[in-house]
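Proteins get letters first, then strands, A, B, ... in listed order; numbering begins at 1 in each. Values in this document were obtained by computation on a predicted structure and should not be read as measured data.
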Protein chains: 2
Amino acid sequence: MSKERGSATGAGRPRDPEIDRALLSATLELLDELGYTKLTLEEVARRAGTSRPAIYRRWPGRAPLVLDAIATRLDVPSPPDTGCTLCDLDESFNVFLAAYRTIRPEVLNALYLECEPDAELKARYLETVVEPSRRAVGRTLDRAIARGDLRTDADRDQLLDLIGALVHHRALFGGHLTDAEAQSAIETLLRGAAQDYQALLDHSLALEQEHQARHGAP
Amino acid sequence: MSKERGSATGAGRPRDPEIDRALLSATLELLDELGYTKLTLEEVARRAGTSRPAIYRRWPGRAPLVLDAIATRLDVPSPPDTGCTLCDLDESFNVFLAAYRTIRPEVLNALYLECEPDAELKARYLETVVEPSRRAVGRTLDRAIARGDLRTDADRDQLLDLIGALVHHRALFGGHLTDAEAQSAIETLLRGAAQDYQALLDHSLALEQEHQARHGAP
DNA sequence: CTTTTACGTTACGACTCGTAACGTAACAGA
DNA sequence: TCTGTTACGTTACGAGTCGTAACGTAAAAG
């Protein structure tokens, strides 16, 4: 989300869109190589073949630039809806883990730290980084509730917090969560939240066997 | 954990312990007022009535100093053992929340960020900040397992991860967890992990009524 | 009285930041 | 074609913080 004041009026020399691309691309490269803390705008400009002032014409600082850069990586498809609560949760979850794993944990932590003091930046961080996963898993959860799969007294937001927190926490302190660990955690939560956990599990297993029968070795 | 090489040998002028105290105290004050990011060693020294070099004689940098400073706040008593799994978990948990709440969330986040690259510092951070709560809740969990209150297939470490992650996550992104929210989360988890959740709940409620009968208004 | 270390003061070089100044390049409208 | 506006790259500035070194002085041990 770079400034567009300049390009808004038709007058004057237009921004070179190639520079925008080169800067975002260089930023992603350097984030992977150096992390957020050691990333300097000087080096971003150098690698993009341009200059520091060119960056400041587009973004007011490092945080907004990086936010735009990683947003291009966190774009993620919608969660599935197969009617199998357990499968859908696992799946909608794995989609994010895959996206998160493409970004160094330190980057998210440091970026948030710099966004947090500014209300608008913080909102954009949350909207870009944490909300997508929350929304996708939330949608899947809502469908489960609509189907009557969850206990009526189950707290939707609390389940979201627990599961979302686990991802973030592990990303920061214990390495990224594996798909298997995520699946296991979901099962633990659902065991308490489900109306009839055994039924959900049976349904899931049945679909899995059916899938294997169709695609497995003959 | 300041350097003690100088004081180890009996020779030479001894460190002034008053300076140690003043520095740690000034650090805590400034952490509360400015947070970690804006805290400068210059200002710490100034407020402690000493000089920057005096800090570097004791700590190699900002992170180790702050780590020592907040360690003095995170010292926390042992968890209770009343035989009531639900009560003990709630209680051992609240003890920590109380300690965590005395520290700005940003401080923990920023401090970890700076400790993470250095293996030894990182280890000390984990040992100082996250392990105490993990251990205390873990001990309570182990007693619950020993009592046979939990399912035999319940994953102790996973439960710890889920609950610990929630605290950290909320501290960073959604404000500190309230006691009530923590209690509710524990109940959600235990509903799935318990051998007989209803029995645990009954036990807890019984003790609570007994407590109120003894201490309530006549 | 010598040795050793801590103390406060001052100052240094290094790094990054955000911005300003300049001449040049590219576009819109008269 | 000419004028106004904005982007571009280059260069450079002041500000802030870092980690460290140099000094003379103070306080302990032997």
Side-chain angles (χ1 to χ4, degrees), chain A residues 2-24 26-27 30-31 33-67 110-111 113-115 117-118 121, chain B residues 2-24 26-27 30-31 33-67 110-111 113-115 117-118 121:
Chain A
S2 55
K3 294 180 186 176
E4 290 166 23
R5 293 178 301 176
S7 311
T9 83
R13 174 177 177 173
R15 290 264 171 78
D16 184 347
E18 192 55 35
I19 293 183
D20 288 71
R21 280 199 339 103
L23 283 173
L24 288 173
T27 301
L30 288 170
L31 282 178
E33 296 173 19
L34 305 175
Y36 185 87
T37 312
K38 295 185 173 180
L39 176 143
T40 67
L41 296 186
E42 178 65 43
E43 182 61 16
V44 170
R46 204 192 59 74
R47 189 170 299 205
T50 179
S51 59
R52 219 139 50 84
I55 298 181
Y56 283 105
R57 282 185 201 108
R58 291 166 169 79
W59 293 274
R62 184 167 59 157
L65 165 63
V66 170
L67 206 44
L111 177 57
L113 202 56
E114 227 169 85
C115 290
D118 181 272
L121 261 186
Chain B
S2 56
K3 295 180 186 175
E4 290 168 22
R5 293 178 301 175
S7 313
T9 82
R13 175 177 177 173
R15 289 262 173 78
D16 184 348
E18 192 54 37
I19 293 183
D20 288 71
R21 280 200 339 104
L23 284 173
L24 289 173
T27 301
L30 288 170
L31 282 178
E33 296 173 19
L34 306 176
Y36 185 86
T37 312
K38 294 185 172 178
L39 176 142
T40 66
L41 296 186
E42 179 65 43
E43 183 62 17
V44 171
R46 203 192 61 72
R47 188 170 299 205
T50 178
S51 58
R52 220 141 49 82
I55 298 181
Y56 284 105
R57 280 182 203 112
R58 293 168 167 78
W59 293 276
R62 184 168 57 158
L65 165 63
V66 171
L67 206 44
L111 177 58
L113 201 56
E114 226 168 87
C115 289
D118 182 272
L121 261 186

Participant: By nearest atom, which of the nucleotides dA26(C), dA6(C), dG9(D) is closest to the Pro14(A) side chain?
Facilitator: dA26(C)

Participant: What nucleotide, of dT9(C), dA6(C), dG19(D), holds the atom closest to the side chain of Arg52(B)?
Facilitator: dG19(D)

Participant: Starting at atom CZ of Arg46(A), determine the distance to atom C1' of dT10(D), rounded to an integer number of angstrom.
Facilitator: 16 Å

Participant: Within the side chain of Arg15(B), is there an N or O that forms a donor-acceptor pair under 3.5 Å with the backbone of Arg57(B)?
Facilitator: yes

Participant: Is the shortest side-chain N/O distance from Arg57(B) to OP1 or OP2 of dG19(D) below 4.0 Å?
Facilitator: no

Participant: Please determine, for the side chain of Thr50(B), which listed nucleotide (dG18(C), dA28(D), dG8(C)) has the closest atom?
Facilitator: dG8(C)

Participant: In whole angstrom, give the distance that lies between atom CD of Glu43(A) and atom P of dC15(C).
Facilitator: 13 Å

Participant: Considering heavy-atom distances to DNA chain D, does Leu39(B) or Ser51(A) have its closest nucleotide positioned more toward the 5' end?
Facilitator: Ser51(A)

Participant: When the distance from OH of Tyr56(A) to P of dT10(D) is rounded to whole Å, what number comes out?
Facilitator: 17 Å

Participant: If you assign each of Arg13(A) and Asp16(B) to its closest nucleotide in DNA chain C, which residue comes earlier from the 5' end?
Facilitator: Asp16(B)

Participant: For the pair made of CZ in Arg15(A) and P in dT5(D), what is the distance, rounded to whole Å?
Facilitator: 18 Å

Participant: Starting at atom OH of Tyr36(A), determine the distance to atom P of dT16(C), rounded to an integer number of angstrom.
Facilitator: 15 Å

Participant: Given that Thr40(A) and Pro53(A) both sit by DNA chain C, which one's nearest nucleotide is further toward the 5' end?
Facilitator: Thr40(A)

Participant: Please give, in whole Å, the distance from dG8(C) C1' to Glu18(B) CD?
Facilitator: 17 Å

Participant: Within the 4.5 Å heavy-atom criterion, are Arg47(A) and Glu33(A) side-chain neighbours or not?
Facilitator: yes

Participant: Nearest-Å distance, CZ (Arg62(A)) to C1' (dC15(C))?
Facilitator: 13 Å

Participant: Side-chain contact, heavy-atom cut-off 4.5 Å: Leu23(B) with Trp59(B)?
Facilitator: yes

Participant: Between dA6(C), dG9(D), dG8(C), spot the one nearest the side chain of Ile19(B), thanks.
Facilitator: dG8(C)

Participant: Would you say Arg62(B)'s side chain and Tyr36(B)'s backbone share a donor-acceptor pair under 3.5 angstrom?
Facilitator: yes

Participant: What's the CG-P distance between Leu65(A) and dC17(C), to the nearest Å?
Facilitator: 11 Å

Participant: Among the nucleotides dG18(C), dG19(D), dA6(C), which one has an atom lying closest to any side-chain atom of Leu41(B)?
Facilitator: dG19(D)

Participant: Say whether, by atom type as modelled, one donor and one acceptor occur between the side chain of Arg58(B) and the main chain of Ala54(B) under 3.5 angstrom.
Facilitator: yes

